[in-house]
Amino acid sequence: NSTGLSTVNDQVLDQDDSRWAGAESGDAFGSALSNADYNADGFSDLAIGAPEEVISLFSRGGMVLMFPGSASGIAPYTDQRWHQDLRKVSGEVESGDAFGAALPQ
């Protein structure tokens with residue numbers, strides 16, 4: 001919020017969730033973090049990189065999970081997953097891409 005971080009309504013986000021097919025050892029979930037108003041709705045969103053995530057059987061294909069912000073904070077159950085095996089993302093997923101290893105600030 002405008003005064004900084006707060007523990008009010010704090011949340012724990014992890015990749016071991018059935019909506020994301022669960023976490024595998026070494027996904028590196030959270031190794032890259034960024035916040036910005038990515039969807040231009042006036043609220044800061046949170047992007048979390050998982051560069052070691054297996055995508056379509058490609059090891060270290062990587063992905064980014066984007067959690068939109070709202071007036072009450074991050075909305076964890078409205079996340080979007082981004083990786084190179086999606087038509088809306090340019091490039092082709094390959095082993096070792098590590099998509100999400102770095103995120104813009």
Side-chain angles (χ1 to χ4, degrees):
N1 64 31
S2 62
T3 60
L5 294 175
S6 169
T7 58
V8 175
N9 297 322
D10 61 343
Q11 301 172 44
V12 174
L13 302 173
D14 65 44
Q15 193 184 1
D16 198 16
D17 185 300
S18 61
R19 293 172 299 123
W20 305 319
E24 298 89 28
S25 177
D27 284 343
F29 178 80
S31 62
L33 300 170
S34 181
N35 71 300
D37 187 7
Y38 297 111
N39 57 7
D41 66 356
F43 300 103
S44 188
D45 309 310
L46 175 64
I48 302 177
E52 305 289 320
E53 176 69 29
V54 174
I55 302 294
S56 300
L57 303 179
F58 291 99
S59 63
R60 296 189 65 231
M63 78 173 179
V64 173
L65 290 110
M66 197 281 289
F67 297 88
S70 69
S72 59
I74 298 298
Y77 295 104
T78 57
D79 63 289
Q80 297 178 0
R81 289 172 278 176
W82 297 87
H83 52 78
Q84 287 180 293
D85 201 27
L86 299 172
R87 284 182 280 160
K88 55 190 168 188
V89 177
S90 65
E92 184 176 318
V93 66
E94 299 167 313
S95 290
D97 282 346
F99 185 83
L103 297 169
Q105 293 298 318

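If you're wondering where the values come from, they're calculated on a predicted model, not measured in any experiment. By convention here, the first residue in the shown sequence is residue 1.
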Which residues pass the side chain to side chain donor-acceptor pair (under 3.5 Å) test with D37, not counting sequence neighbours? none
Residues in side chain to side chain donor-acceptor pair (under 3.5 Å) contact with E52, at least two apart in sequence or another chain: R60
Result block: side-chain N/O donor-acceptor pairs under 3.5 angstrom for residues 64-71, not counting sequence neighbours:
| from | atom 1 | to | atom 2 | distance (Å) |
| --- | --- | --- | --- | --- |
| S70 | OG | S72 | N | 3.3 |
| S70 | OG | S72 | OG | 3.3 |
| S70 | OG | G73 | N | 3.4 |
| S70 | OG | G73 | O | 2.8 |

Which residue, Q84, M63, H83, forms the side-chain contact (heavy atoms from CB on, under 4.5 Å) with D97? Q84
List the residues meeting side chain to side chain donor-acceptor pair (under 3.5 Å) with Q80, not counting sequence neighbours, and say none if there are none. W82
Please give me the minimum heavy-atom distance between A28 and P51, naming the atom from each residue. O-CD, 3.6 Å
d(D85 CG, I55 CD1) to nearest 0.5 Å is 7.5 Å
Answer yes if F43 and I48 sit in the same cluster of Ile, Leu, Val, Met, Phe, Trp and Tyr residues linked by side chain heavy atoms under 4.5 Å apart, and no otherwise. no
Distance (rounded to the nearest 0.5 Å) between S44 OG and I74 CD1: 6.5 Å
Results of side chain to side chain donor-acceptor pair (under 3.5 Å) for S95 - residues two or more places apart only: none
Contacts of A36 that satisfy side-chain contact (heavy atoms from CB on, under 4.5 Å) - sequence neighbours left out: Y38
Do you know the tightest heavy-atom contact between A32 and G100? CB-O, 3.4 Å
